[in-house]
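As structure tokens, the structure follows; a few thoughts come after it.
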Amino acid sequence: MSTTLPAPAPAPAVAHAPAARARTYLVKTLGCQMNVHDSEHMAGLLEEAGYVPAPADDAAAEDVDVLVINTCAVRENAADRLYGNLGRLAGTKRARTGGMQIAVGGCLAQKDRAGIVERAPWVDVVFGTHNIDVLPSLLERARHNAQAEVEIAESLQVFPSTLPTRRESVYAGWVSISVGCNNTCTFCIVPHLRGKERDRRPGDVLAEVEALVAQGAIEVTLLGQNVNSYGVGFGDRHAFAKLLRSVGAVPGLERVRFTSPHPAAFTDDVIEAMAATPTVMPQLHMPLQSGSDRVLRAMRRSYRAERFLAILDRVRAAVPDAAITTDLIVGFPGETEEDFADTLRVVEASRFASAFTFQYSPRPGTPAADLPDQLPKAVVQERYERLQALQERISAEENAAQVGRRVDVLVAQGEGRKDADTARISGRAADNRLVHLALPPGLDAAQAPRPGDLVTVEVTRSAPHHLVADSALTPGGTFAVRRTRAGDAWQARTAGSEEHAHAGASSCGTGAPAPAGPVVLGLPGLGAPTR
């Protein structure tokens, strides 16, 4: 419904009305990579509607006109984290001069719906996973009507990739190839909240990748709840392998990653595409969940431990340097000590570079929540600690094997929390290991590597969750910088951000660089990494 207001009387010719201040926003993300990418769409929609990103100090203080929380519902504490945030924001909203709007979207919003406003009446807008596109209009309606607006769609209204996007990174980007999931894992609520799988056409995916590269990106990550089932929507079971090869051949693109595949649908043609496409990185995230065949059956995971291990063997035979990571659940209902021992055995055999492990928590609406034999918390905690200790040892051993190797590091922005203290910069090796690297003494600032540049260094020591490359500190040691289009794009974006900070206007949608990306809270994947 729209309301037409009478036109105001014209102002005297000598009067000049001050320009309205642009409303500021902040997006906070809880959850997985898919949520991070959804937040990029939310930011793009807001900027298209005339909002501007909050300056860094205001964002840190949550002193913004609009704050959007993009939620996760995978873990039991997701609701606690959301309502904890909302409880704190109630006081912030009351105290803020000029008002504030709070919007809640994402998986938990899709699940809890109007219950969010019932528990937190100061929330202005609630929207779901299927209708991200309505965020600006809901904010406007809530402001006009002075009441909360809740709108949850039951099916996807607009494919997210067609929406405006403000990318977190100029040198690396997410590209969604599908949304939703057709699997029926008994512990997972994602299919209920994201819907059945819907695939994008290959040409649309390639067009987005080409556009990203034209803007300066040299790395893309293909996203889907189950990327290797891509093609089910248009009847091509080899579509994902073909897509990997096609994306990998895009001129100017140097690194291709994907997440996450499902072991049951992982076929040899994907392994062949990984091995034959130089730009596909030697990295694989392969969720195991449990090493017990009995538990895997109860989870409705349609593979068994030996099949899983055989896939890893074939990947390592074709891509010898591949770093393989995983997801693991501890304490699934009915899990026995023997079942858990099977998980430890498979983890030992798999030699994962790292693992995201979490304790099973019942999610209302999933079949596993109603299973008998829910395990006592103390039992689950004890097993969780044993699994973490095992993976910590394996991660340390696998990283120690990297010492002495030369690696090409794509310099990142904000990866190293202690970089300022250690005088290092950080980034990712080809296999996605985190590398902290030293710069040569006396390096001119104009020659220093920028985010998006590539640096060749030698690994000098390791820890379970990162590598250190101080080879530049040794006379004649390995250190070489390749300045890239991505580094140029980062530098241009940074200059644009500084200009934006002085001018107070958004550059999004004008062809000028955009400021830094949304705030990301929480951890990627299904659970907490062993770190």
Side-chain angles (χ1 to χ4, degrees), residues 74-76 185-188 259-264 266 283-317 322-362 368 371-402 431-433 462-466 523-531:
V74 169
R75 301 182 69 188
E76 186 176 26
C185 302
T186 57
F187 57 83
C188 186
T259 193
S260 291
H262 192 294
F266 201 83
Q283 173 221 347
L284 177 65
H285 185 75
M286 181 72 83
L288 170 61
Q289 308 301 6
S290 174
S292 162
D293 288 351
R294 192 187 69 80
V295 172
L296 288 171
R297 279 192 292 272
M299 290 178 168
R300 292 187 197 156
R301 300 284 289 179
S302 48
Y303 57 89
R304 300 297 172 255
E306 292 310 311
R307 170 176 165 75
F308 183 92
L309 290 170
I311 292 171
L312 302 196
D313 287 344
R314 294 199 297 278
V315 169
R316 287 181 168 129
I324 300 176
T325 57
T326 198
D327 297 327
L328 294 162
I329 297 172
V330 178
F332 188 80
E335 179 188 76
T336 65
E337 182 60 30
E338 182 179 359
D339 293 325
F340 182 66
D342 285 342
T343 294
L344 296 180
R345 175 184 63 82
V346 175
V347 168
E348 183 75 68
S350 298
R351 306 298 298 176
F352 297 119
S354 64
F356 291 88
T357 62
F358 67 96
Q359 301 178 34
Y360 170 78
S361 57
L371 289 176
D373 301 325
Q374 302 281 333
L375 300 187
K377 169 67 176 175
V379 172
V380 178
Q381 180 67 35
E382 190 274 336
R383 290 178 184 171
Y384 178 76
E385 291 172 2
R386 272 193 283 159
L387 178 59
Q388 281 201 311
L390 171 62
Q391 183 56 52
E392 191 84 357
R393 172 177 64 79
I394 293 171
S395 294
E397 292 169 354
E398 291 297 304
N399 277 359
Q402 304 297 309
D431 62 9
N432 211 38
R433 284 182 166 94
S462 67
H465 308 295
H466 66 264
L523 299 164
L526 289 174
T530 53
R531 60 180 64 176

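Positions are given from 1, in the same order as the sequence printed here.
- Side-chain polar atoms of Asp339 and Ser292 form a donor-acceptor pair below 3.5 angstrom.
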- Query: Can you list the steps and then say if Arg300 with Phe187 is a side-chain contact (heavy atoms from CB on, under 4.5 Å)?
  - Reply: CA-CA 9 Å; Arg300 292 187 197 156; Phe187 57 83; over 6 Å; no

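- Side-chain atoms of Arg304 come within 3.5 Å of backbone atoms of Arg301 as a donor-acceptor pair (strictly under, hydrogens ignored).
- Side chain of Asp431 to backbone of Gln283: no donor-acceptor contact under 3.5 angstrom is found.
- Arg386 and Tyr384 share no donor-acceptor pair across their side chains, judged by distance under 3.5 Å alone.
- Listed for the Arg297 side chain is no donor-acceptor partner under 3.5 Å among the backbone atoms of Tyr303.
- Here the side chain of Glu382 pairs no donor or acceptor atom with the backbone of Ala378 at under 3.5 angstrom.
- Taking CZ of Arg314 as the reference point, atom CZ of Phe266 lies at 9.0 Å (rounded to 0.5 Å).
- Here Glu338 does not pair with Arg294 in a salt bridge; the nearest charged N to carboxylate O distance is not below 4.0 Å.
- No side-chain donor-acceptor contact under 3.5 Å links Ser462 to the backbone of Ala401.
- To the nearest 0.5 Å, atoms CG (Leu390) and CD (Glu348) are separated by 5.5 Å.
- The minimum heavy-atom distance linking Asn399 with Ala463 is given by the pair ND2-O, 2.8 Å.
- Between Pro261 and Leu284, the shortest heavy-atom distance links the atoms CG-CD1, 4.0 Å.
- Listed for the Arg383 side chain is no donor-acceptor partner under 3.5 Å among the backbone atoms of Gly331.
- Listed for the Thr357 side chain is no donor-acceptor partner under 3.5 Å among the backbone atoms of Leu328.
- Residues Val330 and Tyr360 fail the side-chain proximity criterion, which asks for heavy atoms closer than 4.5 Å.
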- Would Val347 and Leu344 satisfy side-chain contact (heavy atoms from CB on, under 4.5 Å), going step by step from the backbone distance to the final call? CA-CA 5 Å; Val347 168; Leu344 296 180; 5.8 Å; no

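- In this structure, Gln391 contributes its side chain and Phe352 its backbone to a donor-acceptor pair below 3.5 Å.
- Each of Arg351, Arg316, His285 was checked for a side chain to side chain contact (heavy atoms under 4.5 Å, CB included) with Ile324, and the lone residue meeting it is Arg316.
- The heavy-atom pair separating Leu375 from Gly334 by the smallest distance is CD2-N, 4.2 Å.
- Between Met299 and Cys185, the closest side-chain pair of non-hydrogen atoms is not below 4.5 Å.
- Of all non-hydrogen atoms in Thr343 and Ser290, the two that sit nearest each other are OG1-OG, 3.5 Å.
- Not a single donor-acceptor pair under 3.5 Å links the side chain of Asp327 to the backbone N or O of Ala355.
- No side-chain donor-acceptor contact under 3.5 Å links Asp373 to the backbone of Pro333.
- For Glu398 and Arg393, the salt-bridge test fails: no basic side-chain N is under 4.0 Å from an acidic carboxylate O.
- In this structure, Leu296 and Ala305 approach most closely via the heavy-atom pair CD1-N, 4.0 Å.
- Taking both residues in full, the closest heavy atoms of Gly291 and Arg345 are given as O-NH2, 4.4 Å, listed atom of the first, atom of the second, then distance.
- Side-chain contact between Phe358 and Ile329 is present, with at least one heavy-atom pair separated by less than 4.5 Å.
- Val295 is not listed as a side-chain neighbour of Phe340, based on a closest heavy-atom distance of 4.5 Å or more.
- Atom OG of Ser350 sits about 5.0 Å away from atom CZ of Phe308, to the nearest 0.5 Å.
- The closest side-chain heavy-atom distance from Gln359 to Gln381 is below 4.5 Å.
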